[in-house]
Amino acid sequence: MSRPTARKRGYGAKWERARLGFLRDHPFCVACASENRRRLATVVDHKRPHRGDQRLFWDPGNWQALCAEHHDRDKQQAETWGYSNRVGPDGLPTDPRHPFNRGEPTVEDVFPPQGRGVSKSGRLGAGPAWAHETELVSARERR
């Protein structure tokens with residue numbers, strides 16, 4: 001089944017007028033602002049997907065101003081996966097729903113096993129050096 005056109009989903013002239021008015025009143029991307037950046041918004045996004053619900057579609061309390069980058073990449077990914085992969089200046093995921101932030105990940109969460117750590121011969125398996133050091137320490141602590 002093909003997706004209805006934007007016009008049939010409610011994005012016609014009336015929406016364009018409402019969108020422009022909202023962006024005039026909320027000119028900056030709220031996601032950029034949360035990252036201490038300032039970028040002009042170009043998209044009025046529905047915080048909760050309306051999925052055809054006209055009450056949600058036209059509720060300005062359900063709208064937010066976003067730049068194209070945050071809407072097209074982060075928001076779409078969050079709706080699909082349930083979390084965003086956006087990272088902060090420290091290189092860690094900023095979304096509390098990201099698997100990394102739901103608990104301390106194991107090495108296997110970050111680097112799936114391909115020969116897991118130290119073999120019986122004492123040789124290291126696949127993965128970065130710090131992962132091997134972690135596994136070695138863990139192995140020593142278990143002895």
Side-chain angles (χ1 to χ4, degrees), residues 1-119 123-143:
M1 185 168 105
S2 64
R3 186 175 183 187
T5 66
R7 186 175 258 354
K8 286 186 179 177
R9 288 182 287 131
Y11 296 99
K14 182 179 174 185
W15 169 254
E16 192 58 29
R17 284 190 302 276
R19 175 189 162 283
L20 290 173
F22 189 83
L23 290 175
R24 186 174 39 253
D25 295 339
H26 305 88
F28 297 105
C29 174
V30 295
C32 286
S34 73
E35 299 168 353
N36 294 319
R37 295 179 11 203
R38 192 169 180 151
R39 183 182 290 167
L40 286 175
T42 56
V43 177
V44 175
D45 175 59
H46 293 91
K47 295 176 198 175
R48 281 187 40 214
H50 60 83
R51 303 203 196 300
D53 179 340
Q54 291 299 298
R55 186 186 55 76
L56 267 180
F57 184 91
W58 290 107
D59 177 8
N62 189 39
W63 299 350
Q64 64 182 345
L66 293 177
C67 65
E69 176 185 354
H70 277 108
H71 178 266
D72 296 348
R73 185 184 70 196
D74 298 343
K75 181 70 173 26
Q76 300 297 322
Q77 178 189 346
E79 285 182 14
T80 302
W81 293 3
Y83 61 87
S84 169
N85 271 344
R86 196 96 164 140
V87 296
D90 57 2
L92 297 176
T94 57
D95 189 337
R97 298 169 299 178
H98 190 282
F100 183 89
N101 293 324
R102 284 192 235 144
E104 191 164 327
T106 64
V107 172
E108 287 81 17
D109 291 335
V110 181
F111 299 97
Q114 297 173 350
R116 289 185 50 92
V118 181
S119 68
R123 295 180 40 188
L124 295 175
W130 65 263
H132 301 305
E133 293 168 6
T134 303
E135 289 184 30
L136 286 172
V137 169
S138 297
R140 285 188 199 123
E141 290 173 354
R142 284 184 282 224
R143 288 185 192 159

Would you call the rings of Trp15 and Trp63 parallel, tilted or perpendicular, where under 30° means parallel and over 60° means perpendicular?
perpendicular
When rounded to the nearest 0.5 angstrom, what is the spacing between CH2 in Trp81 and NE2 in His98?
8.0 Å
Say you draw a straight line from CG of Asp72 to OG1 of Thr42; how long is it, rounded to the nearest 0.5 Å?
7.5 Å
Restricting to non-hydrogen atoms, name the atom on Cys67 and the atom on Cys29 that form the minimum distance, rounded to 0.1 Å.
N-SG, 3.3 Å
Are more than 12 heavy atoms from other residues, nucleotides or ligands located less than 6.0 Å from atom CZ of Arg48?
no
NE2 on His70 to CD on Gln64, rounded to 0.5 Å:
10.0 Å
For Leu66 and Val30, the nearest pair of non-hydrogen atoms, with its separation, is CD2-CG2, 3.8 Å
Return the minimal non-hydrogen interatomic distance between Phe22 and Pro60, and the atom names on each side.
CE1-O, 4.1 Å
Measuring from atom NE2 of His46 to atom CZ of Arg51, what distance do you get when rounded to the nearest 0.5 angstrom?
12.0 Å
Does Arg97 offer a backbone N or O that forms a donor-acceptor pair with the side chain of Arg102 under 3.5 Å?
yes
Looking only at heavy atoms, the pair that brings Asn101 and Pro93 closest together is ND2-O, 2.9 Å
